[in-house]
Amino acid sequence: MPGSAFIDFLLLTLAREKSKHIGVVFISTLMIFLLSSVLFLSSSIQQSLTGLLGAQPDFVVTRMQGGRAVNTPKEWIEKIAAIEGISSITPRIVGRYSYYPREESFLMVGIDLFDEQSNAHLKELVGATDLRSFYSGESLIVSEGVRKFLESHYYRDDFSFKLPDGKLKKMQLFATLPKGGDLIANDMVIVSMEAAREIFGMGADEVSDISFNVPNDAEWDTIVTKLSLLYYDIAVTDKRDIARAYANLYNYKGGLFLILYIISLSTFMMILYQRYSLIFSVERRDIAVLRAMGWSIADVLRLKFYEAFIIVLGSFLAGSLLGYIYVFWLDAPGLVGIFLDSANIPFDISFVPHIDLGTLGSIFLFFAVGFLASVLIPVWRVAITAPKEAMG
Amino acid sequence: MIEIEGLNKVYNPKSSEPLHALRDVGLTVAGGECVILSGVSGSGKSTLLSIIAALEKPTSGKVIVGGEAIAKLPDLHASHYRSKSIGFVFQHFGLLESLSVEENVTAPLANRRLGRADIAARVQRAMEHASILHKAKSPVRELSGGEKQRCAIARALVNEPGIIICDEPTANLDTANSRKFIELLSSIHAEGKTILIATHDPIFDTLPFPHRIVRMEHGRIVEK
Ligand SMILES: Nc1ncnc2c1ncn2[C@@H]1O[C@H](COP(=O)(O)OP(=O)(O)O)[C@@H](O)[C@H]1O
Ligand SMILES: [Mg+2]
């Protein structure tokens, strides 16, 4: 640990030479801000995705005709339920309801709240819902994003859906989904199965698809085979397919950002290195003077090390704090569109704070080591030359 | 006591034209003595002083200061030796421009493990000694040339070294300030400090206290 006299002197010179450091602090803070925003955003998204995937049913099957998913007969349920190892089988009515004439659409999910839910989020929701009052009228449960959207269009208590026959169906806003799985379920509207069937114009013996769980992983492949033997026109999607699709997408975008970041970081380090290599003659002279006053090379390096470290730490804290505010308080305006296909997210999103400390720590290390090296190597080269300049 | 024997300094020894800044220099300076190194610019005065201060290593030769051989000290020991034994006064004063007088005088103590009160007392004493106490809080960039030099002298004295080294101390001073400097030098000499001055200012030919003039030419001592 440096002595108190050294710390006093360090703080003194830092305070007196603020203007010298301001540019570097500004750029460092900006870089950390950008990187940490991307990081916070992507880890929040990935967290939501993982949470969402975890909650998804293991399998979803639907009928295919001519390569197109069509309504699935309800009677499939019995035969599928008869297969060994399948549990929580749930018929689903899902579809996008377009809010005409605008381009927005809701993800409408019709569920039977009395059924056992294969989706963990829905299971939780059903547990927390007063079923009697939900079924006492035409009720809607909406996500936070949909609620905000409706509110901005002056629908505070109810909303009218247009039916296939042109009539309107008025439904009461019953509850808002808890934040959490927010991102994906952001445009979700939950209604009773009957209401969904009516809105989509489906027959009473039809559903959109059928979902179920297979608790024993080892049976997953045999289950797929058994299903395709059961119906020639069945399409089976399992959770792993979705996980793979998500992972590909985010690895691709994350990688792109990492490359951009590395390029800008190395440019910055190069500029720093040059700045300190051509250290202004004043600074060279000051180092020489300190050396002549009895400072060792190590003392000079220590001074510059702490100076640079304070700058690094300050910029890092400021930058990541700004990033946090930008992403989690302001919901990352501008950046969201790059990370999420905006077509899928028509409503305001808010991100659930989730911070990947490991990644944040390695960014700090990476940044700090680069920064310190870019400063200290040139300073060291000045410090080891005989400080004759001080004498001229 | 400083004892120098067979001292050589060659710059760029491996190049096609190596530069002999010092050739076979021998010099003994007794404790408390004042030695004026005179000679034209380029004759090797600064090089000799910086070797005595262990800021540079000689190519060959012996340099013994206070019984300690300092020619080949590693950096850590050399700095410690400088901090303990040498006070420097530069031609351009070498002050840290963004700091005040007091803060400049603190600099040579900042790398040492001293308490705040101890440091304050030493700084006070040194500023008083160099008659710059009245400007303690002034930023050095607002000082006159003479005041700057007194600040530099206070800084050179703050570690209470036995040897004071001045390189062209009057080159940036007018006659009046040069005289004041010599007065100050005289009081430092009276305390028994060893003083080494490199200069080509004729004002040092007649000093009001005992001193010795050593003339240098082309890296050699030609007259003691
Ligand atoms: N670091 C150095 N590298 C190369 N040559 C130097 C260096 N320092 C001094 N010299 C040369 O050594 C000679 C003596 O210089 P110096 O000791 O500064 O003389 P003085 O102080 O008497 O003017 C000069 O020719 C100068 O150019
Ligand atoms: Mg010189």
Side-chain angles (χ1 to χ4, degrees), chain A residues 1-24 279-307 310-311 376 379-392, chain B residues 11 45-47 49-51 53-57 74-100 102-116 118-120 139 152 155-156 158-159 161 165-168 171 198:
Chain A
M1 262 315 278
S4 63
F6 188 84
I7 293 171
D8 291 349
F9 190 74
L10 167 71
L11 297 179
L12 180 71
T13 47
L14 260 180
R16 288 300 163 75
E17 293 173 2
K18 278 196 287 285
S19 56
K20 201 176 81 185
H21 304 299
I22 264 177
V24 172
I279 300 187
F280 317 108
S281 58
V282 185
E283 243 170 296
R284 273 176 184 276
R285 204 211 53 183
D286 287 355
I287 290 175
V289 167
L290 288 174
R291 297 267 290 111
M293 305 282 87
W295 284 48
S296 62
I297 295 170
D299 291 332
V300 171
L301 285 177
R302 196 171 300 139
L303 182 76
K304 295 292 172 185
F305 172 84
Y306 283 114
E307 195 177 288
I310 288 173
I311 292 174
L376 292 182
V379 165
W380 172 74
R381 285 170 44 173
V382 170
I384 54 167
T385 53
K388 253 199 165 171
E389 279 159 86
M391 307 171 78
Chain B
Y11 287 113
K45 308 182 293 292
S46 298
T47 305
L49 291 184
S50 73
I51 289 174
L55 282 171
E56 268 184 285
K57 291 189 173 59
D75 178 65
L76 224 51
H77 291 99
S79 327
H80 183 241
Y81 152 77
R82 254 194 317 277
S83 156
K84 181 183 67 173
S85 319
I86 308 284
F88 252 106
V89 179
F90 310 103
Q91 173 179 347
H92 294 289
F93 317 124
L95 300 174
L96 307 173
E97 293 289 325
S98 59
L99 306 185
S100 70
E102 190 176 37
E103 291 156 358
N104 262 281
V105 179
T106 312
L109 302 175
N111 64 333
R112 299 182 50 184
R113 294 189 172 270
L114 300 171
R116 290 195 173 100
D118 189 9
I119 287 180
R155 190 177 61 179
V158 77
N159 267 322
I165 293 180
C166 310
D167 196 356
E168 312 277 1

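Taking B:R82 as the reference, nothing meets the salt bridge (charged side-chain N to carboxylate O under 4.0 Å, His left out) condition, with sequence neighbours excluded. Take B:E103 and apply the side chain to side chain contact (heavy atoms under 4.5 Å, CB included) test, not counting sequence neighbours, and it matches A:L12, A:R16, B:L99, B:S100.
Looking only at distances, no side-chain donor or acceptor of A:D299 sits under 3.5 Å from a matching main-chain atom of B:N111. With hydrogens and angles ignored, the 3.5 Å screen pairs a side-chain donor or acceptor of A:W295 with a backbone N or O of B:A107. No donor-acceptor pair closer than 3.5 Å links the side chain of B:R113 to the backbone N or O of A:A5.
Per-residue heavy-atom pair counts under 4.5 Å with chain B were compared for A:I384, A:L290, A:D8, and the maximum is reached by A:D8. Most heavy-atom pairs under 4.5 Å with chain A, from the set B:V158, B:T106, B:L95: that is B:L95. In terms of heavy-atom pairs under 4.5 Å with chain A, the best-connected choice from B:G87, B:A78, B:S79, B:A198 is B:S79.
For A:M293 against B:P108, the heavy-atom pair with the smallest separation is SD-CG, 3.8 Å. Counting all heavy atoms, side chain and backbone alike, B:L55 lies closest to A:A292 at CD2-CA, 3.9 Å.
Heavy-atom neighbours of B:H80 NE2 from other residues, nucleotides or ligands within 6.0 Å: at or below the threshold of 12.
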- Trace of the side chain to side chain contact (heavy atoms under 4.5 Å, CB included) decision for A:V289 with B:H92: CA-CA 11 Å; A:V289 167; B:H92 294 289; over 6 Å; no
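B:I86 does not touch chain A: none of its heavy atoms, backbone or side chain, sits under 4.5 Å away.
With respect to A:F9, the side-chain contact (heavy atoms from CB on, under 4.5 Å) criterion is satisfied by exactly one of B:L96, B:L109, B:I119: B:L96.
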